[in-house]
Visitor: 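This is the structure I have questions about; it appears just below.
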Amino acid sequence: MSWCTCSTRRPASTTCWTACGETPGAWTLVWTTLTECLERAMRAAGWWSDERPARLELAVPRDPAHGDWTTNLALLLARELKRPPRAVAEELARRVAPDPEVFAGVEVAGPGFLNFRYSPAFLRRLPATIVAAGGAFGAADHAHGLPVLVEYVSANPTGPLNVVNARAAAVGAALVRLLEATGHQAAGEFYVNDAGNQVDLLGESVAARVAEWAKTAREFPENGYRGSYVGELAEALWRERRSEAEAGLARPDGAAWFRDQALERMQDSQRRDLASYGAEFALWFRESSLHASGRVAGALAALEERGVVYEAEGARWLRTTGFGDDKDRVIVRSNGVPTYLLPDIAYHLDKRARGFRHAVNLWGPDHHAYVCTLQAALRAVGLEPDFLEVLIVQQVNLMKFDPAAGHSVPYKMSKRAGEFITLRDLIEEVGADCAKFFFLMRSTSAHLDFDLDLARQQNDENPAYYVQYAHARIASILRFAAGRGLTPDPGGTVALDAAEEIALIRRLASFPEVVRGAALAREPHRIPTYLVETAAEFHRFYHACRVVSDDAARSRGRLLLAAAARTVLANGLALMGVTAPERMERAAEALS
RNA sequence: GCGCCCGUAGCUCAAUUGGAUAGAGCGUUAGCCUCCGGAGCUAAAGGUUACAGGUUCGAUUCCUGUCGGGCGCACCA
């Protein structure tokens with residue numbers, strides 16, 4: 001193992017976070033070294049205990065007056081030690097020795113906070129560090145390659161994707177990127193429920209529509225799928241595969257052909273929609289493969305071996321009570337057919353068997369009652385208690401402006417069966433970037449009011465353009481400067497000491513911590529929140545500090561800072577799956 | 001009836017898992033372009049964080065109860 005030659009002496013493989021130049025493009029958080037620094041101080045004071053690290057809290061304070069990093073460690077210790085918090089803080093402050101290349105020092109403030117402040121030299125160096133790191137800035141190896149499977153969307157293949165699927169797709173894809181950026185080995189997966197009677201029903205519905213083309217009598221199934229896409233599927237089959245379709249209608253067991261055709265085509269359609277939306281899945285996992293490979297039967301055997309299955313009322317029950325569920329669940333019906341729970345167990349055993357150490361599932365609001373059940377079932381079959389983590393993606397209310405009411409009201413979808421707004425409609429209406437930005441802007445667990453009119457507007461009222469505009473504006477400045485032969489100062493040698501310059505640098509410095517927090521809390525919305533604030537910080541800098549001026553040295557220094565801001569904005573947008581445009585053109589205002 | 005999510009400025013939402021003076025956008029009002037993109041910036045106004053208790057140095061955050069909104073409560077998936 002090689003070691004970085006700078007003062008941190010960190011193993012080069014885990015990368016050095018200072019601008020020492022030994023491992024450019026690599027960035028380990030200040031967080032890591034501050035944690036170690038506090039650990040040493042506690043050991044020196046004799047206050048160390050092994051469970052301490054898990055509780056150690058470091059944060060970037062809201063108020064810049066409180067420094068660049070802060071910890072409430074002394075306040076927590078004071079309770080255990082039964083000593084005044086200020087006294088504990090003072091003693092810790094005497095013993096911590098933050099790297100002088102990075103921190104100007106530590107101060108005790110308020111009831112007993114320890115506040116750390118970056119050194120001027122570190123701040124001056126930072127823009128060059130960020131630009132050198134490029135797309136890697138913000139990423140850090142926190143999880144050491146922990147394999148995590150994120151399952152999301154997983155819509156039934158019986159119809160087009162809806163707006164909640166669109167929200168889940170935006171959140172899931174962002175989560176995968178966030179986990180990768182924080183050192184997880186993350187994979188996205190789509191679970192296809194192709195084995196239930198829903199798919200049979202779709203097949204029957206399509207067959208009935210094909211029969212209309214064939215002028216054959218065939219009853220449309222009760223509760224069949226009546227959306228216009230069923231008719232379109234039928235027409236496509238009739239035009240492209242007429243002889244097979246006719247044979248399928250004639251045979252008593254011909255429904256299977258329609259089911260398989262409908263399934264393939266629906267899945268292709270969903271795959272195309274999601275790909276155009278930037279949600280790529282490493283695997284589309286079919287439930288039917290679990291049955292075919294014997295894994296469902298295997299799961300049942302594993303459960304029985306553990307003695308958590310019993311018979312009652314002609315069915316077989318899983319004793320999920322005792323593992324956190326409030327009642328036991330049927331896994332094999334009295335007619336011998338498994339319920340959905342059993343393949344779900346088999347599926348998660350398969351996830352674990354494929355090497356994933358953790359599973360994150362994104363489910364719609366109608367499944368939240370099932371969370372406890374499945375988690376209990378997985379514990380019953382012997383998986384780690386916290387193997388499965390479920391995030392509920394809450395519902396979306398599409399809103400439209402109502403002139404009569406004077407404000408936006410929920411957009412009423414057509415009452416006709418099967419008519420609803422699809423993911424594709426939404427992209428055509430407001431654009432993929434805008435849709436993703438709006439979905440990611442809000443906390444996943446909260447209901448979302450999606451204002452269609454606002455999202456469609458290409459003007460200053462649309463928050464989605466604000467961040468993109470800042471990025472495009474920086475690109476424009478760099479183009480303008482290049483035309484005058486000015487490029488960013490690569491060495492970061494020019495002092496940037498205007499208040500707006502320092503405020504911007506400090507904000508850029510906190511990006512890796514925001515990424516870490518967003519990934520850890522599974523809260524992608526922290527990224528757009530941060531980016532909006534960062535864009536605002538940049539605009540303030542832009543208005544206060546003329547970038548390209550007659551002073552070439554100063555111009556190059558400010559160009560470097562602008563380039564660093566662009567790097568952070570681009571990296572944040574990339575995490576969201578939103579494009580970072582080099583230039584933006586306003587659409588024609590004349591459009592109705 | 002039971003369970004889960006939510007209740008923060010007129011509206012839509014933040015608030016770094018219990019931290020310091022609760023912040024943005026939209027809307028309202030008043031300002032800022034001889035100059036790098038005005039899709040921008042500055043400022044004002046707007047709050048008993050639904051309500052009542054509790055836990056502690058400290059609560060929008062945690063606990064209990066009440067009110068209000070949403071979603072679930074199958075041998076459907």
Side-chain angles (χ1 to χ4, degrees), chain A residues 57-63 65-66 70 72 75-76 78-79 84-85 109-113 115 156 158 193 195-199 287 313-317 326-327 329-335 337-341 343-344 364-372 392 394-395 397 399 407-408 441-443 445-451 454 457-463 465-466 468-470 472-481 483-484 486 510 513-514 516-518 520-521 523 525-526 528-530 532-533 535-536 538-540 542-544 546-549 555 558-559 562 583-584 586:
Chain A
E57 282 178 34
L58 274 164
V60 176
R62 237 196 311 264
D63 186 345
H66 298 144
T70 186
N72 61 354
L75 292 161
L76 298 177
R79 188 174 306 176
F113 294 102
N115 296 339
N156 279 334
T158 52
N193 287 105
N197 51 26
Q198 308 288 338
V199 184
E287 181 191 349
E313 302 160 37
R316 309 181 95 159
W317 296 70
D326 54 0
K327 61 182 192 186
R329 308 288 169 172
V330 172
I331 49 173
V332 181
R333 287 176 267 229
S334 48
N335 64 7
V337 177
T339 64
Y340 55 89
L341 180 55
D344 278 352
D366 49 337
H367 288 75
H368 66 73
Y370 185 48
V371 176
C372 264
I392 297 299
Q394 279 292 351
Q395 71 181 66
N397 297 318
M399 309 287 282
H407 56 82
S408 292
M441 213 163 42
R442 305 304 182 207
S443 164
S445 61
H447 296 199
L448 172 67
D449 284 349
F450 194 112
D451 191 326
L454 180 60
Q457 286 178 47
Q458 298 198 357
N459 61 21
D460 57 350
E461 290 177 26
N462 188 338
Y465 288 110
Y466 186 74
Q468 288 188 316
Y469 174 69
R473 184 183 237 184
I474 296 172
S476 171
I477 295 168
L478 289 168
R479 282 193 300 271
F480 178 85
R484 300 186 170 209
L486 287 169
S510 66
E513 174 61 10
V514 172
R516 188 187 74 88
L520 194 75
E523 290 186 352
H525 76 267
R526 294 189 193 185
T529 299
Y530 169 84
V532 167
E533 289 167 358
F538 172 76
H539 288 309
R540 274 192 287 276
Y542 172 86
H543 280 274
R546 172 82 197 180
V547 177
V548 180
S549 67
S555 297
R558 287 181 170 167
L559 282 169
R583 34 169 64 89
M584 295 173 73
R586 188 195 298 265

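Here is the naming used below: chain letters follow the sequence lines, and residue numbers restart at 1 for every chain. FYI, side chains are in, hydrogens and waters are out, and symmetry mates aren't considered; it's all heavy atoms of this structure.
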Visitor: Given B:G40, B:A24, B:C73, identify the nucleotide with an atom nearest to the side chain of A:Val532.
Guide: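 Side chain of A:Val532 sits closest to B:A24.
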Visitor: Taking only side-chain nitrogens and oxygens of A:Tyr465, does any of them come within less than 4.0 Å of OP1 or OP2 of B:C26?
Guide: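 Result: no.
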Visitor: Give each protein N/O atom lying under 3.5 Å from an N/O atom of nucleotides 30-36 of chain B, with the pair distance.
Guide:
{"unit_1": "B:C35", "atom_1": "O2'", "unit_2": "A:Arg546", "atom_2": "NH1", "d": "2.8"}
{"unit_1": "B:C35", "atom_1": "O2'", "unit_2": "A:Arg546", "atom_2": "NH2", "d": "3.0"}
{"unit_1": "B:C35", "atom_1": "O2", "unit_2": "A:Arg546", "atom_2": "NH1", "d": "3.1"}
{"unit_1": "B:C36", "atom_1": "O4'", "unit_2": "A:Arg546", "atom_2": "NH2", "d": "3.2"}
{"unit_1": "B:C36", "atom_1": "O2", "unit_2": "A:Val548", "atom_2": "N", "d": "2.8"}
{"unit_1": "B:C36", "atom_1": "N3", "unit_2": "A:Val547", "atom_2": "N", "d": "2.9"}
{"unit_1": "B:C36", "atom_1": "N4", "unit_2": "A:Tyr542", "atom_2": "O", "d": "2.7"}
{"unit_1": "B:C36", "atom_1": "N4", "unit_2": "A:Cys545", "atom_2": "O", "d": "3.3"}

Visitor: Hey, does A:Thr70 reach any base, or is it just sugar-phosphate, or nothing, if we go heavy atoms under 4.0 Å?
Guide: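 Base, at least one base heavy atom under 4.0 Å.
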Visitor: For the side chain of A:Thr339, starting at C-beta, report the closest nucleotide among B:C5, B:U12, B:C75.
Guide: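 The nucleotide sitting nearest to the side chain is B:C75.
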Visitor: Given atom CZ of A:Arg79 and atom P of B:G58, what is their separation to the nearest angstrom?
Guide: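 About 9 Å, once rounded to whole Å.
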Visitor: Taking the same atom, C1', in B:G18 and in B:C62, what whole-Å distance lies between them?
Guide: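 Pairwise C1' distance, B:G18 against B:C62, rounds to 8 Å.
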Visitor: Side chain of A:Thr529 only, heavy atoms from C-beta on: which candidate in B:A74, B:A14, B:C75 is closest?
Guide: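 The listed nucleotide nearest to A:Thr529's side chain is B:A14.
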Visitor: Take the protein atom CG of A:Leu75 and the nucleotide atom P of B:G18, then report the distance between them rounded to whole Å.
Guide: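 Value for this atom pair: 15 Å.
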Visitor: Nearest-nucleotide wise, let me know which of A:Ala195 and A:Asp366 is further upstream toward the 5' end of RNA chain B.
Guide: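 Between the two, 5'-proximity favours A:Asp366.
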Visitor: What is the nucleic acid contact for A:Pro61, judged by heavy atoms within less than 4.0 Å: base, sugar-phosphate only, or nothing?
Guide: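 Base, at least one base heavy atom under 4.0 Å.
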Visitor: What contact category does A:Gln468 fall into here, base, sugar-phosphate, or nothing, at under 4.0 angstrom with non-hydrogen atoms?
Guide: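 Touches nothing.
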Visitor: Quick one: do A:Leu341 and A:Tyr370 satisfy side chain to side chain contact (heavy atoms under 4.5 Å, CB included)? Show the steps, please.
Guide: CA-CA 10 Å; A:Leu341 180 55; A:Tyr370 185 48; 3.2 Å; yes
Visitor: From C-beta outward on A:Pro111, which listed nucleotide comes closest to its side chain: B:G40, B:C75, B:C57?
Guide: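 Closest nucleotide to the A:Pro111 side chain: B:C57.
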Visitor: Tell me which of A:Gln198 and A:Ala470 sits closer to the 5' end of RNA chain B, going by the nucleotide each one is nearest to.
Guide: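 The residue closer to the strand's 5' end, by nearest nucleotide, is A:Ala470.
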Visitor: Which value, in whole Å, describes the distance between the P atoms of nucleotides B:G47 and B:U8?
Guide: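 It comes out at 15 Å once rounded to the nearest Å.
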Visitor: Return the value, rounded to whole Å, for the distance between atom NE2 of A:His447 and atom P of B:G7.
Guide: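 So the two atoms are 10 Å apart, to the nearest Å.
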Visitor: How long is the line joining NE2 of A:His539 and P of B:G37, in whole Å?
Guide: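 Roughly 13 Å, once rounded to whole Å.
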Visitor: Does B:U64 pair with anything, Watson-Crick or G-U wobble, both distances under 3.5 Å, and if so, with which nucleotide?
Guide: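 Its partner is B:A52 (Watson-Crick or G-U wobble, both distances under 3.5 Å).
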Visitor: Go through B:C5, B:C75, B:A20 for me and flag the one nearest to the A:Ala109 side chain.
Guide: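 Shortest atom-to-atom distance from the side chain points to B:A20.
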Visitor: Between atom OH in A:Tyr370 and atom C1' in B:C75, what is the gap in whole Å?
Guide: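 The answer, rounded to whole Å, is 14 Å.
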Visitor: For A:Val514, is there any backbone N or O sitting under 3.5 Å from a side-chain donor or acceptor partner on A:Arg526?
Guide: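 Side chain of A:Arg526 to backbone of A:Val514: no pair is present.
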Visitor: Can you tell me if A:Phe113 is stacked onto the base of B:A20, using a 5.5 Å centroid cut-off and an angle below 30°?
Guide: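 Yes; centroid distance and tilt both under limits.
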Visitor: Where does B:C63 fall, syn or anti, if syn means a chi angle no more than 90° from 0?
Guide: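 This nucleotide is in anti.
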Visitor: Say we look at B:G72 and B:C6: how far apart would their C1' atoms be, to the nearest angstrom?
Guide: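 My reading of the C1' atoms in B:G72 and B:C6 gives 14 Å.
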Visitor: When all nucleic acid strands are considered with a 4.0 Å heavy-atom cut-off, which category describes A:Arg442: base, sugar-phosphate, or nothing?
Guide: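 The answer is base, as A:Arg442 lies within the cut-off (heavy atoms under 4.0 Å) of a base atom.
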Visitor: Distance between the C1' atoms of B:A9 and B:A22, in whole angstroms?
Guide: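 It works out to 11 Å between them.
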Visitor: Under a 3.5 Å distance rule, please check whether A:Arg540 uses its side chain to pair with a backbone N or O of A:Tyr542 as donor and acceptor.
Guide: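 Such a contact is absent between A:Arg540 side chain and A:Tyr542 backbone.
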Visitor: Rounded to the nearest Å, what distance is computed from the CG atom of residue A:Leu448 to the P atom of nucleotide B:G25?
Guide: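 Between P of B:G25 and CG of A:Leu448: 20 Å.
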Visitor: Within the modelled atom types, does a donor on one side and an acceptor on the other bring the side chain of A:His367 and the base of B:A77 under 3.5 Å apart?
Guide: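 Present.
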Visitor: Is any N or O donor-acceptor pair between the side chain of A:Asn115 and the base of B:A20 shorter than 3.5 Å?
Guide: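 It does, because a donor-acceptor pair links the side chain of A:Asn115 to the base of B:A20 below 3.5 Å.
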Visitor: According to a cutoff of under 5.5 Å between the ring centres and under 30° between the ring planes, does A:His368 stack with the base of B:G72?
Guide: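 Whether judged by distance or by angle, A:His368 falls short somewhere, so it does not stack on the base of B:G72.
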Visitor: By nearest atom, which of the nucleotides B:C71, B:A14, B:C5 is closest to the A:Pro365 side chain?
Guide: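 Of all the options, the side chain of A:Pro365 is nearest to B:C71.
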Visitor: With no hydrogens and no angle check, is any side-chain donor or acceptor of A:Ser555 less than 3.5 Å from a backbone partner on A:Ser549?
Guide: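 Yes.
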Visitor: Check the distance between B:U16's P and A:Asn72's CG and give it to me in whole angstrom.
Guide: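 Atom CG in A:Asn72 sits about 13 Å away from atom P in B:U16.
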Visitor: Which value, in whole Å, describes the distance between the P atoms of nucleotides B:A45 and B:U34?
Guide: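 Taking atom P in both B:A45 and B:U34, they lie 29 Å apart.
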